[in-house]
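Encoded as structure tokens, the structure appears first; notes follow it.
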Amino acid sequence: MRVGATWLAAISLSVGLAAPAHAQHLLTWKTTSRYVDPSQVRFNAPPPGVAPRRPALRVNILLPRGYDRSRRYPVLFLLHGHGDSFDSWVNPAKGDLRDIARGFPGIIVMPEAARGWYTNWWNGGRRGSPSWERYHLDELVPLVERRLRIRPGRRWHAIAGLSMGGEGALFYASQRPGYFGSAASFSGVLSLQRPEWPEAFDTQGERHQDVFGDPQAQRFYWTGHNPTALVDNLHHTRLFVTVGDGVPNPASRDEVTNTTGQLAEAELRQHAQDFVRAAQDAGADVTYQPRQGIHDWPYWRQHLQAAIRWGFFQAVDEQPRSWRFSTVSRSGDMWGVRFRFARAPGTVETFVREGKRLSATGRGKVVLRSAGGHRLTLRLPFDQSMPAGFFGS
């Protein structure tokens, strides 16, 4: 079956493409997936003011004012947190995106992720059901590219998210470094292997063993999803990290009484510090803006505003001649080189490019398909010169 063959038609739930040129357009797509069965997913309740709905994989698309199909636009994938849904960012009581992103020059894509942690669940080694990585990276991103007028080049492709979505944004950027040029985390869960995190994870409704496996027995799987451990993948990616300190604004009574939000943000401040230190040590281009605040929407709106000022679509290296890429995925794309292992990895697989040479550590047999039309079957570990044109022009 070809990827994308099962997608349903897009449905506009807000204003259609015939709206005045000065207005923003909000579209909602309902999709199906080979990798996530919505009847088996635990979804969150809709945001305030939204009626209950049947489970589905929905995606909100905010088109810029004056969207014109004769032009191409930058794209920002904007991910929600653990307790939210695909329409939380546009909800006026939560993300209030239409006001926050007024005048934003690109298309904003907001997919449903339920409580899935942007991960192919370990599930006793079955690695799926649900497989959120595969849905978002292998189905949704290509669908967006087909249906919308997206500018080519990684400079024009960005991803950001809050809390669970901050983890998702930096993890997805690490797994598609040739596509995403910029990535941002707002109060993100960025250091999955902190000793206290498995216990903290379990307080949110899912079992860490189901999602990532046992922290020791499946240490490789935790490492392969941990943004802090994957910073080498992000060496050529512009990074923006912001997080509060657990101290609320005393002017707001609701925030003062939000003890959970205070404790969560204080913990995630340490996650941010772990990630930023690792990114700096790896030589990545990371902007860190710690600030006062707790784990709550008023602060995430400020975080997004700060990221917009930082700039999602600045110049980046489009095709570096040296890079490092680590993964535990069976298949994917590293800088335009598609890979597929004969079996799902049981270790972190790492590829290193230096000019015309490509080396790899790990184990197993992999098929590589390059943008230049080459197909190679190799067994890890290896270190060899690639054929002329393997990495493109």
Side-chain angles (χ1 to χ4, degrees), residues 3 118-120 122 125 127-128 131 133-134 137-138 141 154 170-181 183 192-193 212-213 216-237 239 275 278-279 281-284 316-393:
V3 171
Y118 301 95
T119 299
N120 296 336
W122 175 252
R127 302 196 194 194
S131 295
E133 300 166 41
R134 299 282 67 79
L137 296 178
D138 292 347
V141 171
R154 62 190 297 263
L170 296 191
F171 172 63
Y172 283 179
S174 80
Q175 297 303 292
R176 290 294 186 274
Y179 186 80
F180 294 111
L192 296 182
Q193 291 169 289
F212 296 111
Q216 297 306 316
Q218 283 78 51
R219 182 180 179 84
F220 83 99
Y221 208 67
W222 284 77
T223 301
H225 288 87
N226 182 359
T228 295
L230 295 170
V231 290
D232 285 337
N233 289 26
L234 299 167
H235 180 79
H236 300 285
T237 303
L239 304 170
F275 176 84
D281 290 345
V316 294
D317 192 343
E318 290 292 335
Q319 188 58 261
R321 289 180 54 81
S322 64
W323 44 255
R324 186 180 184 92
F325 177 85
S326 296
T327 190
V328 294
S329 179
R330 185 175 181 183
S331 62
D333 188 315
M334 50 181 177
W335 295 102
V337 178
R338 300 286 302 180
F339 65 88
R340 182 172 181 82
F341 285 91
R343 296 181 179 178
T347 187
V348 177
E349 314 281 12
T350 298
F351 298 84
V352 179
R353 178 190 176 185
E354 291 292 345
K356 295 182 179 180
R357 297 196 70 82
L358 184 68
S359 62
T361 58
R363 59 178 181 264
K365 185 168 66 175
V366 66
V367 175
L368 304 179
R369 299 177 186 270
S370 78
H374 295 273
R375 182 184 185 278
L376 299 176
T377 300
L378 301 169
R379 185 170 294 278
L380 279 68
F382 66 81
D383 181 356
Q384 65 184 61
S385 180
M386 293 292 105
F390 181 84
F391 294 110
S393 57

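The first residue of the sequence shown is numbered 1, and numbering continues consecutively from there.
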| task | Apply side chain to side chain contact (heavy atoms under 4.5 Å, CB included) to Leu376 and Met386, showing your working. | result | CA-CA 9 Å; Leu376 299 176; Met386 293 292 105; 3.7 Å; yes
| Verdict with supporting geometry, Val337 and Phe390, side chain to side chain contact (heavy atoms under 4.5 Å, CB included) | CA-CA 9 Å; Val337 178; Phe390 181 84; 3.9 Å; yes
| Chi angles and distances behind the ring pair (Phe, Tyr, Trp, His ring centres under 6.0 Å) call for Phe180, Tyr172 | CA-CA 8 Å; Phe180 294 111; Tyr172 283 179; 7.7 Å; no
| field | ring pair (Phe, Tyr, Trp, His ring centres under 6.0 Å) between Phe220 and Phe212, worked out | value | CA-CA 10 Å; Phe220 83 99; Phe212 296 111; over 10 Å; no
| Audit row: Arg353, Phe325, side chain to side chain contact (heavy atoms under 4.5 Å, CB included) steps and yes/no | CA-CA 9 Å; Arg353 178 190 176 185; Phe325 177 85; over 6 Å; no
| request: Let me see the working for Asp333 and Arg340 under salt bridge (charged side-chain N to carboxylate O under 4.0 Å, His left out), right down to the final yes or no. | output: CA-CA 9 Å; Asp333 188 315; Arg340 182 172 181 82; over 6 Å; no
| Please walk me through it: do Val352 and Thr350 pass side chain to side chain contact (heavy atoms under 4.5 Å, CB included)? | CA-CA 7 Å; Val352 179; Thr350 298; 4.3 Å; yes
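Taking the six-membered ring for Trp and thresholds of 30 and 60 degrees, Tyr221 and His225 have ring planes inclined between 30 and 60 degrees apart. In this structure, Trp335 and Trp323 have parallel ring planes: the angle between them is below the 30° cut-off, well short of the 60° mark.
Note that CZ of Phe339 and OG of Ser331 are 6.5 Å apart. Values are rounded to the nearest 0.5 Å. Considering CZ of Phe351 and CE of Met334, their distance stands at 4.0 Å, rounded to 0.5 Å. The distance from the CD atom of Gln175 to the CG atom of Leu170 is 12.0 Å, given to the nearest 0.5 Å. Here the CZ-CG distance, from Arg127 to Asn120, works out to 9.0 Å after rounding to the nearest 0.5 Å. Once rounded to the nearest 0.5 Å, the distance linking CG of Leu137 with OG of Ser131 reads 11.5 Å. Atom CZ of Phe275 sits about 9.5 Å away from atom CG of Asn226, to the nearest 0.5 Å.
With no hydrogens or angles considered, a side-chain donor-acceptor pair links Gln193 and Thr223 at under 3.5 Å.
The 12-atom threshold is exceeded at CZ of Arg330, counting heavy atoms of other residues, nucleotides or ligands nearer than 6.0 Å.
Screening residues 362-386 for side-chain hydrogen bond (donor to acceptor under 3.5 Å, both in side chains) gives Arg357-Asp383 as the qualifying pairs, with residues at least two apart or on separate chains.
In this structure the side chain of Phe391 never reaches within 4.5 angstrom of the side chain of Arg321, judged on heavy atoms. Side chains of Leu239 and Thr237 form a contact here, defined as non-hydrogen atoms less than 4.5 Å apart.
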Please table the atom pairs, donor to acceptor, closer than 3.5 Å between any side-chain atom in residues 228-236 and protein atoms at least two apart or in another chain.
{"residue": "Thr228", "atom": "OG1", "partner": "Leu190", "partner atom": "O", "Å": "2.6"}
{"residue": "Asn233", "atom": "OD1", "partner": "Ser326", "partner atom": "N", "Å": "2.8"}
{"residue": "Asn233", "atom": "ND2", "partner": "Ser174", "partner atom": "O", "Å": "2.9"}
{"residue": "Asn233", "atom": "ND2", "partner": "Ser326", "partner atom": "O", "Å": "2.9"}
{"residue": "His235", "atom": "ND1", "partner": "Ala282", "partner atom": "O", "Å": "2.9"}
{"residue": "His236", "atom": "NE2", "partner": "Ser322", "partner atom": "O", "Å": "2.9"}

